[in-house]
Amino acid sequence: MQSGFSERTFEFCFNAEFCHLNAALLATHPHIPTQNAEKDLGYDVEFEIKRGGFVKSLFLQHKVAFHASKHAGRNGKFFNYHGGEYYRFPVDNDQHDTLFNLSITKGDAFYCAPCFRGNRSLEAHWRAQTIGKNSILLDPRQVGRAGSGHHNITYGPAGEKPAL
């Protein structure tokens, strides 16, 4: 089942909520690269966070996942791995490797994806300011390098057991 909202909409809602809830920690406004630059940089947004006398960056690559609620077709290995329903988003191998390397060299680089679906859920989380609490922040190092071929990242309903 599709998410019911676009990646761009999720990205905007998550980022706006993050800025609102963490305004006192932000060193400056979020840096959002152009779509062309995003491919090379590997992330959708960079937040600069104040920590003591230092500033540290948080890099996020937003994704919107497909939700599988039952065993069907070719999803058997994912469904069995998660012991039931799960979320899945496709991975661009080059982008994944870039985000993986960014996580190693700069730290705090994550995929950010919702653990909910549907416009009504997005609206409810938006109003309650709980989008972040109901999303997964996944360090690409948790799932390893992509290598070659087509890959997806899957995770359970609450963000558990992420896998490439």
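Note that the structure is predicted; figures quoted are calculated from it, not measured. Nothing fancy with the numbering, it's 1 onward along the sequence.
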Can you tell me if [atom1] on [X] sees more than 12 non-hydrogen neighbours from other groups inside 6.0 Å?
X      : atom1 : answer
Phe12  : CZ    : no
Lys50  : NZ    : yes
Arg145 : CZ    : yes
Lys133 : NZ    : no

Counting N and O atoms only, with roles assigned by atom type, does the side chain of [X] sit under 3.5 Å from a partner on the main chain of [Y], one being a donor and the other an acceptor?
X      : Y      : result
Asn22  : Leu25  : no
Glu17  : Gly132 : yes
Ser121 : Arg117 : yes
Ser135 : Ile131 : yes

Review point. Does a salt bridge link Glu123 with Arg120, judged by any charged N lying under 4.0 Å from a carboxylate O?
Key: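 No.
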
Beyond-backbone contact of [X] with [Y], side-chain heavy atoms, under 4.5 angstrom:
X     : Y     : result
Lys63 : Gln61 : yes
His96 : Asn93 : no
Glu85 : Lys70 : no
Asp92 : Lys39 : yes

Between [X] and [Y], how do the two ring planes meet: parallel, tilted or perpendicular, split at 30° and 60°?
X      : Y     : result
Tyr155 : Tyr87 : parallel
Phe14  : Phe10 : tilted
Phe79  : His71 : perpendicular
Tyr86  : His82 : parallel

[X] versus [Y], closest heavy-atom pair with distance:
X      : Y      : result
Gly144 : Leu164 : O-CD2, 4.0 Å
Thr130 : Asn134 : O-ND2, 2.8 Å
Gly4   : Asn119 : O-ND2, 3.0 Å
Asp108 : Ser57  : CB-O, 3.5 Å
Cys19  : Pro30  : SG-CG, 3.6 Å
Ile32  : Val45  : CG1-CG2, 3.9 Å

Quick one: do [X] and [Y] end up in the same hydrophobic cluster if we chain Ile, Leu, Val, Met, Phe, Trp and Tyr together by side-chain heavy atoms under 4.5 Å apart?
X      : Y      : result
Leu137 : Phe116 : yes
Val143 : Leu99  : yes
Phe100 : Tyr43  : no
Ile136 : Val91  : yes
Ile153 : Leu102 : yes

Review point. So Glu46 and Leu58, side chain to side chain contact (heavy atoms under 4.5 Å, CB included) or not? Walk me through it.
Key: CA-CA 6 Å; Glu46 175 188 8; Leu58 170 65; over 6 Å; no

Check your understanding: Taking Phe89 as the fixed residue, which of Phe78, Tyr111, Phe66 is the one that meets the ring-ring contact (aromatic ring centres under 6.0 Å, His included) rule?
Key ->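 Looking at Phe78, Tyr111, Phe66, the match for Phe89 under the ring-ring contact (aromatic ring centres under 6.0 Å, His included) is Tyr111.
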
Would [X] and [Y] count as having a side-chain donor-acceptor pair, cut-off 3.5 Å?
X      : Y     : result
Thr154 : Arg88 : no
Thr28  : Glu48 : no
Asn15  : His62 : yes

Exercise for review: Just do the side chain to side chain contact (heavy atoms under 4.5 Å, CB included) check on His125 and Leu122 with the steps written out, would you?
Suggested key: CA-CA 5 Å; His125 288 305; Leu122 179 61; 5.6 Å; no

Check your understanding: What about the rings of Phe59 and Phe110, do their centers lie closer together than 6.0 Å?
Key ->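 No, they do not, as the ring centres are separated by 6.0 Å or more.
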
**Study point:** From OG1 (Thr98) to CD (Gln95), nearest 0.5 Å
**Key:**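 Reported value, rounded in 0.5 Å steps: 7.5 Å.
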
Review point. Could you give the distance from CG (Leu138) to CG (Leu60), rounded to the nearest 0.5 Å?
Key: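 Separation between the atoms: 11.5 Å.
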
**Study point:** Step-by-step side chain to side chain contact (heavy atoms under 4.5 Å, CB included) determination, Val55 to Ile49
**Key:** CA-CA 5 Å; Val55 174; Ile49 312 290; over 6 Å; no

